[in-house]
Undergrad: 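Quick one: the structure is below, and I'll ask about it shortly.
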Amino acid sequence: MKKRLYRILLLPGDGIGPEIMAEAVKIIDAVSHAGINIEIDTDLIGGAAIEKYGMPITETTIKKAKRCDAVLLGAVGGRKWDSLSYNLRPEQGLLLLRKSLKLFANLRPVKTLRPLLNISPLKSEIVNGVDFIIVRELTSGIYFGKPRGIKSTPRGEKGYNTEVYYQHEIERIAHIAFQLAQKRRKKVTSVDKANVLESSILWRKVVNEVHKEYPDVELNHLYVDNCAMQIIKDPKQFDIILTNNIFGDILSDESAMITGSIGMLPSASLGRSVGLYEPVHGSAPDIAGRNIANPCGIILSLALLFRYSLNYPQVAQVIEEAVERVIAANYRTKDIAGKNSRILNTSEIGDCIKEEVAKKLTP
């Protein structure tokens, strides 16, 4: 029987995106050699697409993404394009891609690795054993709500945005959170600002209703400011954090520092069909082209791609364990270097992880 062909679209993007994507390709190559039939294609997004096409993503690229099994993205953005109008900025390419693929659930795992406990800004006893997932609503809220804009008034310019959520949007993301919790430690913490925001009052009401379908899962609620404090005070209390678009954006970057470096965090954006996978960090234009970026975030994002989109959890585990073994051997990029670490560049770390993956997947 002919093996199924899996198609992955690579969007390296801007800044360090192309450098870290090259390391992810090494891992894909190792997996392909182990017998999984993978075809990759590469296209432009963000500033790279603006430079060639005058827009942050083309309709052709979006159609190509819809025909794939999954999309792996590097990073978008950079100071070079900050002066462009809002609708032409690199980040709009990513937002449009998420919307076009109907990706409403963003999963951001936060898990500390024992070899990196000493580089976290928090005490080891606080971060040792942290393992939670932020489930962020991705296609609604204040980032997409209308009306929005900047206009002149007699009192000067006024900027305004609108936080909007419909019941069905909250229901579908809540189901994702509760279903994930059922496969883990069966605890969901829903984060809102229901003491001052009507959108959060609705959020809490709907989450409570959906919870009735999952009696085996514990549910509690936190205001976002308290949650931000608790993530620093006692991060081990969390299993699944369910929250809206803007709160999830902020809390996930805060949570990144628990692991010691934002360069370590992956993410998965899921919807009805094609998944989008990307590291949490940005394009880091200040270090672009220097071969010093940490590729672990995109490699761990690739692991999520194999777990959620290609349904190869065993391959995902091999990749995750390979990353941890390389770090445990004290091979590090500069951002996660500790005492007596051997500091390697981006491509060298990628080679080390590929070698570890290949060892475990040799047919």
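Any value given below was found using the heavy atoms of this structure, including those in side chains, with hydrogens, waters and symmetry copies removed.
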Undergrad: Using a strict cut-off of less than 4.0 Å between a Lys/Arg side-chain nitrogen and an Asp/Glu carboxylate oxygen, indicate whether K80 and E51 qualify as a salt bridge.
TA: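 Judged by the 4.0 Å cut-off on N to carboxylate O distance, K80 and E51 do form a salt bridge.
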Undergrad: Apply side-chain hydrogen bond (donor to acceptor under 3.5 Å, both in side chains) to residues Y277 and S309 and explain how you reach the verdict.
TA: CA-CA 10 Å; Y277 302 84; S309 283; 2.6 Å; yes
Undergrad: Can any side-chain N or O of R89 pair as donor or acceptor with the backbone N or O of L84 at less than 3.5 Å?
TA: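 It does hold such a pair.
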Undergrad: What I want to find out is whether R67 reaches D41 closely enough, with some N-O distance under 4.0 Å, to be called a salt bridge.
TA: no
Undergrad: Looking only at non-hydrogen atoms, find the nearest pair between S301 and L72 and report the distance.
TA: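 Looking at all heavy atoms of both residues, the closest pair is CB-CD1, 4.3 Å.
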Undergrad: Between the side chains of K193 and E163, is the shortest nitrogen-to-carboxylate-oxygen separation below 4.0 Å, so that they form an ion pair?
TA: no
Undergrad: Are M264 and I327 packed together at the side-chain level, in the sense that at least one heavy-atom pair is separated by less than 4.5 angstrom?
TA: yes
Undergrad: Scan side-chain atoms only and decide if R148 and Y86 contain a donor-acceptor pair under the 3.5 Å cut-off.
TA: yes
Undergrad: Just how far is it from atom CG of L94 to atom CG of L11, taken to the nearest 0.5 Å?
TA: 9.5 Å
Undergrad: Identify the two heavy atoms, one from I231 and one from S255, that lie closest to each other, and give their separation to 0.1 Å.
TA: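 Minimum heavy-atom separation between I231 and S255: CD1-OG, 3.7 Å.
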Undergrad: Hey, mind stepping through Q237 and T189 against side-chain contact (heavy atoms from CB on, under 4.5 Å) and telling me if it holds?
TA: CA-CA 10 Å; Q237 69 181 280; T189 302; 6.0 Å; no
Undergrad: Measuring from Y308:OH to L270:CG, what's the distance to the nearest 0.5 Å?
TA: 7.5 Å
Undergrad: When you measure from the side chain of N330 to the backbone of R342, do you find a donor-acceptor pair of N or O atoms at a distance under 3.5 Å?
TA: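 No; judged by distance alone, with no hydrogens or angles, the pair does not exist.
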Undergrad: Taking C-beta and beyond as the side chain, do V224 and S200 meet within less than 4.5 Å on heavy atoms?
TA: no
Undergrad: Nearest 0.5 Å, please: how far is OG1 in T61 from CD1 in I45?
TA: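 If we round to the nearest 0.5 Å, I45:CD1 and T61:OG1 are 8.0 Å apart.
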Undergrad: Minimum heavy-atom separation for K151 to Y160, with atom names?
TA: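 Closest approach of K151 to Y160, heavy atoms only: CG-CE2, 4.0 Å.
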Undergrad: Begin from the C-alpha positions of I133 and R184 and carry the test side-chain contact (heavy atoms from CB on, under 4.5 Å) through to its verdict.
TA: CA-CA 10 Å; I133 298 176; R184 291 170 51 91; 3.8 Å; yes
Undergrad: Write down the atom of S252, the atom of I134, and the distance for their closest heavy-atom approach.
TA: CA-CD1, 3.4 Å
Undergrad: So, does K26 use its side chain to make a donor-acceptor pair with the main chain of I353 at under 3.5 Å?
TA: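 Answer holds: no.
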Undergrad: Measuring from atom CG of N128 to atom CG of N118, what distance do you get when rounded to the nearest 0.5 angstrom?
TA: 11.5 Å
Undergrad: Can you tell me how far the CD1 atom of I336 sits from the CD1 atom of I343, to the nearest 0.5 Å?
TA: 10.0 Å
Undergrad: Check the pair T112, S120 against side-chain contact (heavy atoms from CB on, under 4.5 Å), reporting the backbone distance first and the verdict last.
TA: CA-CA 9 Å; T112 53; S120 173; over 6 Å; no
Undergrad: With a 4.5 Å cut-off on side-chain heavy-atom distances among I, L, V, M, F, W and Y, is there a chain of contacts connecting M229 to F132?
TA: no
Undergrad: Is there a path of hydrophobic side-chain contacts, each under 4.5 Å between heavy atoms of I/L/V/M/F/W/Y residues, joining L222 to V217?
TA: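 As far as the 4.5 Å side-chain criterion goes, L222 and V217 are connected within one cluster.
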Undergrad: Kindly indicate whether the side chain of L116, heavy atoms from C-beta on, has any atom under 4.5 Å from the side chain of R332.
TA: yes
Undergrad: Would you check if there is a donor-acceptor pair between the side chains of S140 and E169 at a distance under 3.5 Å?
TA: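 There is such a pair between these side chains.
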Undergrad: Enter the distance from E213:CD to E171:CD here, rounded to the nearest 0.5 Å.
TA: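 Here the rounded value is 8.5 Å.
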Undergrad: Contact between E157 and I150 at the side-chain level, heavy atoms closer than 4.5 Å - yes or no?
TA: yes
Undergrad: With the side chain counted from C-beta on, respond yes when I36 and L361 share a heavy-atom pair under 4.5 Å apart, and no when they do not.
TA: no
Undergrad: Do you reckon L304 sits in the same ILVMFWY cluster as L9, going by side-chain contacts under 4.5 Å, direct or chained?
TA: no
Undergrad: Using atom types as modelled and distance alone, determine if a side-chain donor or acceptor of K354 lies under 3.5 Å from a backbone N or O of D29.
TA: no
Undergrad: If you count every heavy atom of other residues, nucleotides or ligands that lies below 6.0 Å from Q179 atom CD, does the total exceed 12?
TA: yes
Undergrad: May I have the step-by-step check of side-chain hydrogen bond (donor to acceptor under 3.5 Å, both in side chains) for E137 and T139, ending in yes or no?
TA: CA-CA 6 Å; E137 199 288 322; T139 59; 3.2 Å; yes
Undergrad: Run the side-chain contact (heavy atoms from CB on, under 4.5 Å) test on R108 and L251 for me, step by step, so that the C-alpha distance in whole Å, both residues' side-chain angles and the decisive distance to 0.1 Å come before the verdict.
TA: CA-CA 10 Å; R108 295 192 171 187; L251 292 177; over 6 Å; no
Undergrad: Tell me whether E324 is salt-bridged to K111, with the criterion being a basic N under 4.0 Å from an acidic carboxylate O.
TA: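 Judged by the 4.0 Å cut-off on N to carboxylate O distance, E324 and K111 do not form a salt bridge.
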Undergrad: Whether the side chain of T346 engages the backbone of A293 through a donor-acceptor N/O pair (distance < 3.5 Å, no angle test) should be reported.
TA: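 Between the backbone of A293 and the side chain of T346 there is a qualifying donor-acceptor contact (under 3.5 Å).
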Undergrad: So among D249, N161, L95, which one has a side chain to side chain contact (heavy atoms under 4.5 Å, CB included) with Y143?
TA: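 Running side chain to side chain contact (heavy atoms under 4.5 Å, CB included) over D249, N161, L95 with Y143 returns exactly one hit, D249.
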Undergrad: Determine yes or no for a side-chain-to-main-chain donor-acceptor pair under 3.5 angstrom, with D14 supplying the side chain and G46 the backbone.
TA: no
Undergrad: Is it the case that the side chain of D192 and the backbone of H221 share a donor-acceptor pair, with hydrogens and angles ignored and the cut-off at 3.5 Å?
TA: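 Side chain of D192 to backbone of H221: no pair is present.
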Undergrad: Whether K186 and D239 form a salt bridge (side-chain N of Lys/Arg under 4.0 Å from carboxylate O of Asp/Glu) is what I want to check.
TA: no
Undergrad: Taking all heavy atoms of V188 and all of F178, pick out the closest pair and write down the distance.
TA: CG2-CD2, 3.6 Å
Undergrad: Any side-chain donor paired with an acceptor under 3.5 Å for R136 and N245?
TA: yes
Undergrad: Would the distance check show the side chain of E218 and the main-chain N or O of K187 forming a donor-acceptor pair, the cut-off being under 3.5 Å?
TA: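 Here the side-chain-to-backbone pair does not exist.
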Undergrad: Would you say the side chain of D253 lies within less than 4.5 Å of the side chain of I262, judging by non-hydrogen atoms?
TA: yes
Undergrad: With no hydrogens and no angle check, is any side-chain donor or acceptor of T259 less than 3.5 Å from a backbone partner on A256?
TA: yes
Undergrad: Answer yes or no: is there a side-chain heavy-atom contact under 4.5 Å between V206 and Y165?
TA: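 Not touching, per the 4.5 Å side-chain cut-off.
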Undergrad: For the residue pair L5 and D69, what are the closest heavy atoms and their distance?
TA: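 Looks like O-OD2, 4.0 Å.
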Undergrad: Check whether any side-chain N or O of R185 sits under 3.5 Å from a backbone N or O of F238 as a donor-acceptor pair, and report yes or no.
TA: yes
Undergrad: Within a strict 4.5 Å, meaning less than it, do heavy atoms of the W203 and F247 side chains meet?
TA: no
